[in-house]
Amino acid sequence: MAGAIIENMSTKKLCMVGGVLLIFQVLAFLVGGLIAPRPTTSLAFLAVKCVDVRRPHHNPKWLLPWGNDRCNSIRTFDEAANRLIEANDIVFSVHIPFQGHEMSPWFQFMLIILQLDIAFKLNNYIEDNAMVTLDVAMAYRDELTDPWTELAHSVEQRKLQCTFPASKTPENEGRYYECDVLPLIEIGSVTHKYYLLNIRLPVNERKKINVGIGEINDLRLVTIFQNGGFTRVWFAMKTFLTPSILIIMIWYWRRIVMMTRPPVLLEKIIFALGISMTFINIPVEWFSIGFNWTWMLLFGDIRQGIFYVMLLSFWIIFCGEHMMDQSERNRISIYWKQVGPIAFGSCCLFIFDMCERGVQLKNPFYSIWTTDVGANLAMAFIIVAGICACLYFLFLCFMVYQVFRNISGKQSSLPAMSKARRLHYEGLIFRFKFLMIVTLACAALTTVFFITTQVSEGNWKWGEFSVELNSAFFTGIYGMWNLYVFALMFLYAPSHKNYGDDQKNGRDGMSSGEELQLTTTITHADGPTELYRLAGKESQE
Amino acid sequence: MCKRNLEVMDSVRRGAQLAIEECQYQFRNRRWNCSTLDTLPVFGKVVTQGTREAAFVYAISSAGVAFAVTRACSSGDLEKCGCDRTVHGVSPQGFQWSGCSDNIAYGVAFSQSFVDVRERGKGASSSRALMNLHNNEAGRKAILNNMRVECKCHGVSGSCEVKTCWKAMPPFRKVGNVLKEKFDGATEVEQKKIGTTKVLVPKNSQFKPHTDEDLVYLDSSPDFCDHDLKNGVLGTTGRQCNKTSKAIDGCELMCCGRGFHTEEVEIVERCSCKFHWCCFVKCKQCHKVVEMHTCR
């Protein structure tokens, strides 16, 4: 790749392009910070303790926590002991959402977390490695008068990880353990209006089920879903970004096809980056409003994964192609050492994701972290992926170092070179340094913003004004990488300037090749030999 | 107020009950043991004076109401709750746009409007009203400042790229413990006029000024030693005490130096029990002989 638009552009124009991109960047942050609400929201529920006195319990009957046909409920379990109610008769019931509200497909996904309030008793404590067995059934309906339809039913085991904050003495009886939250269910689409959960904790002493789990006082649920407002803003952004990237991609590819030589590797990888960005952008999520597509979460993960792979590969190849050490590259196989870890690491994460969210398509209660083997396996995948990432960054840093070493070597010998050769190298150096700065800026901004949102409260307030930091982070960073890909395709597209037969086509692009600042004449040189030939030609003229 | 919020009244009742139980637990070893009378006011005259004990009772009551209303909200008993944004003046964007606010916000707002209304009605200028309002607020702060923040990561492959946090209410025992500590370090105050507003300032100017979370009182408490029905003090006669302790639950202090009886009693205890997580207990009965000390 040689003679990119960025080299032939006047400084003034480059600044203008930068300014326009900056405006869009600020806009992306503002859209998230000012218009959108928080990205996700949570509802905390306290399960109502219903008493199910029917025997046997097998035929499904749904117990409602409130409303006209509410269940026969008790307030505390002390009451139950007096009424001779057993643990097997207790059903924890939760209706999602609260009275007078409806769930909506705009919520995109729903995950439910379970928390147990377990009181400490000297002679009824939580045993080591205690497992709690939950018989969970979930149902939905779309009208308040409809009967409930079963959505999922499963018997799940979860590990209780609890610590007692005080010493285990008689005075501290009745205080609660501090337990880790238990993931219960994850659903990839919220197509129904009302959901109902009925949870039992069956006790079977012979099979050691739910024995030694302490005295449970309450069961709390937390439901997390995406805010409808955020979904709308997000969709709008995607719908706007898709055509922008698509148009610049087509324009970019046309420029490459128009040239007399076949496209080089760097041009191909930039195009691939554009494709993967468009793949993320295409707002297929609009369909989730009308259809019950539970695989949307998994699909979203895969799309993001592909983009990351492309971006990481692009950085490696960009460095390699600007090495300036006279060796011929231009083939992906040269980079196997660097691209290999990316591919392997992303494969690991893909398998992990399939094991988690893939299986959840079948059984929404499933989580790989609940069993010891699963948790170890998942950890192994993540560690391997982490090692791959470290390896990759080592390679990348080494390559960047090499390029800078070569640059400083070249810069000292620049004045001695012929004009054409000098311009070629100056162009290469400028191109590399420009991308280097922009990439570092983007990465730094992403990191800084990520840390800010993790540390701070989530929104900043100035009197009446409040800025949603988390939403601003998502829209801003998403917009930033879009602009990055956009700028890459625009600035690194081959320039048509001084292309004898291409000059007449130069106008249809956005580059406006007329205002020429640099008096460069070579625009096409793939290897040193060709460069010399061209340079020689020029000097003859 | 009560008629407008009929469905909440049940929780208010439970909140009051919770507050009394917790008060009695926290003061089980003290001369004043938060005992209630059948007559009104339930705590006797002690609470109608501006004492430390009154400060605690007001604080734990307003906390109890906030706690019980929040719990009722979370179990779906109340129709207008965290999703009702008009309660705390947030712009009424819908549930489908930005979700609900935490239920605790509703509970606290309700406690503010319900418990404080009596003091405000009396005219908020009297020092007693100021003290009660302050202690009510301190009670609610004991919940708000002890909320546990819990988070869940759910980004790509479960990474923390997307993280949602929520606040969980502390157990009421924890609220009671916090308020008991505040009771022990309560500040004696007096009313002062600063500009046009009347405020409470520490009586002893050497002490550092109290914060929103601290309890304040106006009058010093009686010693609660002797039976005095007129003032609603039951006295410590007949109370159990601990012979070995040197603290307030020790017989020396508890009985106000009147001495104590000692008798041997056989008590029946449950032992080697088998429990389920709920409701089921199978125990043996064990007999034990213990020494019991009661104040004269």
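Below, chain A is the first sequence line, B the second, and so on; all start at residue 1.
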remark   = Test side chain to side chain contact (heavy atoms under 4.5 Å, CB included), reference B/Trp277, set A/Asn124, A/Val132, A/Ile90, output is A/Ile90
Separation between CD of B/Glu161 and CZ of A/Phe474, rounded to the nearest 0.5 Å = 5.5 Å
ask   = Between B/Gln96 and chain A, which part of the residue has a heavy atom less than 4.5 Å away: side chain, backbone, both or neither?
value = both
key: Contact leader toward chain B among A/Arg232, A/Glu178, A/Glu102, where contacts are heavy-atom pairs under 4.5 Å   = A/Glu102
query = Pick from A/Ile224, A/Leu298, A/Val48: which one has the most heavy-atom pairs with chain B under 4.5 Å?
reply = A/Ile224
ask   = Is the gap between the ring centers of A/Phe107 and B/Phe95 under 6.0 Å?
value = yes
key: From B/Ser75 atom OG to A/Phe98 atom CZ, the distance as rounded to the nearest 0.5 Å   = 8.5 Å
inquiry  = Report which part of B/Arg71 has an atom under 4.5 Å of a heavy atom belonging to chain A: side chain, backbone, both, or neither.
reply    = both
ask   = Does B/Lys274 come within less than 4.0 Å of A/Glu205, counting only side-chain N to carboxylate O?
value = yes
note = Under a 4.5 Å heavy-atom criterion, the part of residues 115-123 of chain A in contact with chain B comprises A/Gln115, A/Asn123
Top contributor to chain B interface from A/Ala87, A/Gly300, A/Ala378 [non-hydrogen pairs under 4.5 Å] = A/Ala87
note = With sequence neighbours left out, the residues meeting ring-ring contact (aromatic ring centres under 6.0 Å, His included) with A/Phe307 are none
ask   = Any idea which of B/Val162, B/Asn177, B/Val149 has the most non-hydrogen atom pairs under 4.5 angstrom with chain A?
value = B/Val162
key: Donor-acceptor pair, side chain of A/Glu215 and main chain of B/Cys278, under 3.5 angstrom   = no
B/Trp166 and its side chain to side chain contact (heavy atoms under 4.5 Å, CB included) partner, picked from A/Leu43, A/Ile113, A/Thr41 = A/Ile113
inquiry  = Does any backbone or side-chain atom of B/Tyr25 lie under 4.5 Å from a heavy atom of chain A? Answer side chain, backbone, both or neither.
reply    = side chain
note = Distance col, row A/Ile112:CD1 vs B/Lys152:NZ, nearest 0.5 angstrom, shows 12.0 Å
